[in-house]
Protein chains: 2
Amino acid sequence: MAGTSFAEKTETRLDNAERLCAAHGSRLTDLRRQVLGLVLEAARPVGAYDLLDGLRADKKGAAPPTVYRALDFLLEEGLIHKIERLSAFVGCTHALDGSHTEAGHPHAAQFLICTGCGQVTELDDHGILHALVDATRHIGFTVRHSTVEAEGLCAACRDAATA
Amino acid sequence: MAGTSFAEKTETRLDNAERLCAAHGSRLTDLRRQVLGLVLEAARPVGAYDLLDGLRADKKGAAPPTVYRALDFLLEEGLIHKIERLSAFVGCTHALDGSHTEAGHPHAAQFLICTGCGQVTELDDHGILHALVDATRHIGFTVRHSTVEAEGLCAACRDAATA
DNA sequence: TCAAAATACGTTATAATGTAACATATTTGA
DNA sequence: TCAAATATGTTACATTATAACGTATTTTGA
Ligand SMILES: [Zn+2]
Ligand SMILES: [Zn+2]
Ligand SMILES: [Zn+2]
Ligand SMILES: [Zn+2]
């Protein structure tokens, strides 16, 4: 009926997402919920075609527009982010786990991509955003949306490398 | 012989690029010089396949790997940057115009993309980089490379919009 | 100088990512 | 209940990028 079922933790986050959508007057349909679930269950950023494979376990013959439309919706609702350098998607921890029940609108975030283990960490650092706005204001540029992605090594991978 | 010839200003920058390469022990070959010239003459970020079309004016039958290899070289030399959100390339003003004759190695930069006119401005703002490093250090993440791209309106387009 | 090694380029084929366009189904609201 | 809006299915295609292998050129050192 509602397709695949996910781990409990994921279902909790999906329920959070559903509430956020309802609060915006939008609908987290079964399909969108399923795609979001697939994103959340992945330990790492997932590509659109990996999601498509996941979807096909349930809905044979699903085609790219199906997954891209769901992703567009989830991006607009601020439930996921796209990592541009990887052409891949991650759940928004801010919206789905945070105590910020008011969240769910697109927000500025920063992503730390570990080239060792592939993990991506989401930051929501005001200092970075301020520095960006400061630097752009005095040349008259108005920032509407920002992409900040850093590649490097997480603490665990750095320790493993120097050991 | 050396393919297309470019505007004087471009040739000057190409000569700068050639000096930077020589200083690194690498070679700005005719092909690479031509691709860099095409990037520099474009008023805006250029896609790889637009560059390929440009190349074909001179070398009929050129294929994608030709242009991608040249782009890879130019990226490694720090002579151009890739704008991830646009899958397109721009010359590095820092390396090619700057008084920084020591430049030419990849450096952290920030890009302001105007959605009105398509112009891209390169910043080299230490405050942004510091904010990023500060925010990541205390969670043990080591930044190796950063991508910072902001979309919005440049001063001219903002004025035109509010007029 | 000349051959071996390294570097750069040519060529073909294909992978990976993303959309346009139009048909059908479902939901919403008067 | 029926029209409008929203969501999904389906086909075909556009765009971006790379793998693999062969040839040409340049560099290096004997
Ligand atoms: Zn977020
Ligand atoms: Zn790691
Ligand atoms: Zn630069
Ligand atoms: Zn503008």
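If you're wondering where the values come from, they're calculated on a predicted model, not measured in any experiment. Convention: sequence-line order gives letters A, B, ...; per-chain numbering from 1.
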**Complete:** side-chain hydrogen bond (donor to acceptor under 3.5 Å, both in side chains) pairs touching residues 138-150 of chain B, sequence neighbours excluded, are A:R85-B:T147
**Prompt:** What closest approach, in Å, do B:F141 and A:I113 show between heavy atoms, and which atom pair accounts for it?
**Reply:** CZ-O, 3.4 Å
**Prompt:** How many Å lie between CD on B:E76 and C1' on C:dT7, as a whole number?
**Reply:** 13 Å
**Prompt:** Between C:dA8 atom P and B:D72 atom CG, what is the distance in whole Å?
**Reply:** 12 Å
**Asked** Start at the 5' end of DNA chain D and walk down; is the nucleotide closest to A:S26 or to B:Y68 reached first?
**Response** A:S26
**Asked** Looking only at side-chain N and O atoms, does A:Y49 come under 4.0 Å of OP1 or OP2 in C:dT17?
**Response** no
**Message:** I need the CZ-P distance between A:R32 and C:dT27, as an integer number of Å.
**Reply:** 12 Å
**Fill in**
First and last nt of DNA chain D near chain B, cut-off under 4.0 Å to heavy atoms, 5' to 3', are D:dT16 to D:dT27
**Asked** Rounded to the nearest Å, what distance is computed from the NZ atom of residue B:K60 to the P atom of nucleotide C:dG10?
**Response** 16 Å
**Message:** By the 4.0 Å heavy-atom rule, please label B:T66 as base, sugar-phosphate, or nothing.
**Reply:** base
**Item:** Residue of the set B:L86, B:L51, B:V90 for which side chain to side chain contact (heavy atoms under 4.5 Å, CB included) holds with B:V46
**Value:** B:L51
**Request:** Under 4.0 Å between any heavy atoms, over every strand shown, what does B:R69 touch: base, sugar-phosphate, or nothing? Just pick one.
**Result:** base
**Request:** Give a yes or no on whether a salt bridge exists between B:E11 and B:R33, defined as a side-chain N under 4.0 angstrom from a carboxylate O.
**Result:** yes
**Message:** Distance check needed: C:dG18 C1' versus A:L71 CG, whole Å only.
**Reply:** 11 Å
**Message:** Just verifying a value: how many Å separate B:E18 CD and B:L20 CG, rounded to the nearest 0.5 Å?
**Reply:** 10.5 Å
**Prompt:** Closest heavy-atom contact between A:L153 and A:C114?
**Reply:** CA-SG, 4.0 Å
**Request:** Write down the distance between CG (B:L55) and P (C:dG10), rounded to a whole number of angstrom.
**Result:** 9 Å
**Asked** Whole-Å distance between C:dT27 P and A:R27 CZ?
**Response** 7 Å
**Request:** Check whether any side-chain N or O of B:Q119 sits under 3.5 Å from a backbone N or O of B:C154 as a donor-acceptor pair, and report yes or no.
**Result:** no
**Request:** Check each of A:L96, A:L36, A:L79 against A:L14 using the side chain to side chain contact (heavy atoms under 4.5 Å, CB included) test, and report the only one that passes.
**Result:** A:L36
**Prompt:** Tell me: CD of B:E84 to C1' of C:dG18, nearest whole Å?
**Reply:** 16 Å
**Message:** Please report the interatomic distance CG(A:D97) to CZ(A:R13), rounded to the nearest 0.5 Å.
**Reply:** 4.0 Å
**Request:** Take the C1' atoms of the five end pairs on each side of the helix from C:dT1-D:dA30 to C:dA30-D:dT1, get both axes, and report the angle to 10 degrees.
**Result:** 30°
**Request:** Would you please confirm or rule out a distance under 4.0 Å between OP1 or OP2 of C:dG18 and any side-chain N or O of A:K82?
**Result:** yes
